[in-house]
Amino acid sequence: MKKKVVVIGSGLAGSLICNELVKYADVTLLEAGEKDTFRYPEVDFVKKKLAEVTTFCIGGGGTTNLWHNGLIPINSKDILSEEFNEVMKDADGYMDRAASVLFFKNKEYSNEYKKAVSGIRSVCEQIGVFNDGVDCLIYPKKYKKLGVDPQVKGFYSVSDIEFVAEENRIRTVNFSTNSNRISIDPDIVIISAGALGSPHFVRKAMSAVGQDSDQPGTGFIDHPMGFVGKVKVKKEISDEFKKLCLFDKGDYVFRTAVRLTSDCGKYTCGAFFRPALTMDNDLSIYKFKSSLGASNGMERYKNALSLKMFHPDIIAEVFSHFFGFNLPSRTYNILFIGEQKRGNNRIYYDGKRLKVDWSVTEEELSIYNALLKKLCGMLADISDELNIKTDLTEEWLWSAAHHSGTISLGSSPENLVDFDLKLHSCDNVFVCDGSVIQEHSYANTGLAIGQLAIRLADKISKMTSI
């Protein structure tokens, strides 16, 4: 008899898990949003807004409705946690499968990625820069939001999910949809509601087995992101340098990430070069640029009507981002992606409203500014002009929408999930999404989430004891 699996959340992880497990199991999907559209939940920000635009949503496909589908691995050299490093090394075997279902078609992702990074290194060696190393973010040209296999029993507009436990197992999942109250008796429950949503359900599952905890939701990390300056490169290296901005490979394009490692070795941040036409360092234009790139639907149309659309740097960004073409220029924006470590940032629910308690610490700002000074040194010999801000304040940084870290991982029961992403407190409950990512340096988390999702589905398909 097929196992009965309930998956909560239809985002990147939930959709992939459903599509993998439906080959072997009776899969039921529970999604808070509607099937064919998405909406933004109400959020209260305790300290700092995540961004000028909404960075997550609910609905069919989850935040793949908003994602630009950039693919980059999390470098094992950047993971300090031995146990999470082991998890990701185990997940490396699923990288190509994950990239394939995330629309990297016709080629093996891992090989293309290695070739791209090797080519970037050769360019950097020719112009003698970036001794901390380089990396590569690959964007398939054709992608869409994820869909769920029609064999999956999908329930949408779901509310009031409750768990009934017997000993250390969830025996029944009760929920409401379309004014109906429904009960399912699953063999396995997989929570994939995202770093902002999963802690709520983990807390409920733990409470059902008599283990209340405030730990779910603590440790929230993101990538503080911002445009931090400009560089005008020397004419003699301009042809080579522009390859580091955007390189077209036919089915996909890639952007170069410059690695920036802190003196203590604890933090690895990244910098990307984006086309520009001026050397102005204008925060309002930078914020508009980020809003334009991240917005969707009516918000994007509103942005398009702004007079800021006629700023030369916005015109250059539009050509690069929307048309894949860089206007001729030796001037580049510098987009900084800062790493955070798990700490006291957290998310929690007050009634039914989500609270996000997120900020950038003074220690982090100090590290970021030191790394930007380091970047200035790297660029000094190859540039005609530099205008980089090396005294960043929180105002210059906002969320890159790589929400992570809200579910702790480790073999000790003081952590929430183990090596297999199973809750220590519940024998048949697993968690898989950005919440279980403990460290991510500067990397977009999408590929890692895909790897973890397919890895978990593979493990569950082979289980006989549950």
For Phe201, is the NZ or CZ atom of Arg203 found under 6.0 angstrom from the centre of its six-membered ring and inside 45 degrees of the ring axis? no
Within 45 degrees of the ring normal and closer than 6.0 Å to the centroid, is that where the cationic atom of Arg455 sits relative to Phe419? yes
Would you tell me whether [X] and [Y] have side-chain atoms, one donor and one acceptor, within less than 3.5 Å of each other?
X: Tyr252; Y: Glu112; value: yes
X: Ser207; Y: Asp212; value: yes
X: His403; Y: Asp222; value: yes
X: Asp433; Y: Ser198; value: yes
X: Asp135; Y: Tyr113; value: yes

Not counting sequence neighbours, which residues clear side chain to side chain contact (heavy atoms under 4.5 Å, CB included) with [X]? List them please.
X: Gln126; result: Glu240
X: Thr406; result: Ala195, Pro199, Phe220, Ile347, Ser435
X: Asp381; result: none

Salt bridge (Lys or Arg N to Asp or Glu O under 4.0 Å) contacts in which one or both residues fall within residues 434-451, not counting sequence neighbours: Lys341-Glu439
Do Leu409 and Val87 come close enough that some side-chain heavy atom pair is under 4.5 Å? yes
Can you tell if the side chain of Val417 reaches within under 4.5 Å of the side chain of Lys422, non-hydrogen atoms only? no
Taking salt bridge (Lys or Arg N to Asp or Glu O under 4.0 Å) as the test, write out the residues that go with Lys234, two or more places apart. Asp384
Please enumerate all residues that pass salt bridge (Lys or Arg N to Asp or Glu O under 4.0 Å) together with Glu31, with sequence neighbours excluded. none
Are Phe336 and Phe227 close enough that their ring centres sit under 6.0 Å apart? no
For residues Tyr139 and Phe254, establish whether the separation of their ring centroids is below 6.0 Å. no
Taking atom CD1 of Ile17 and atom OG of Ser10, what is their separation to the nearest 0.5 Å? 12.0 Å
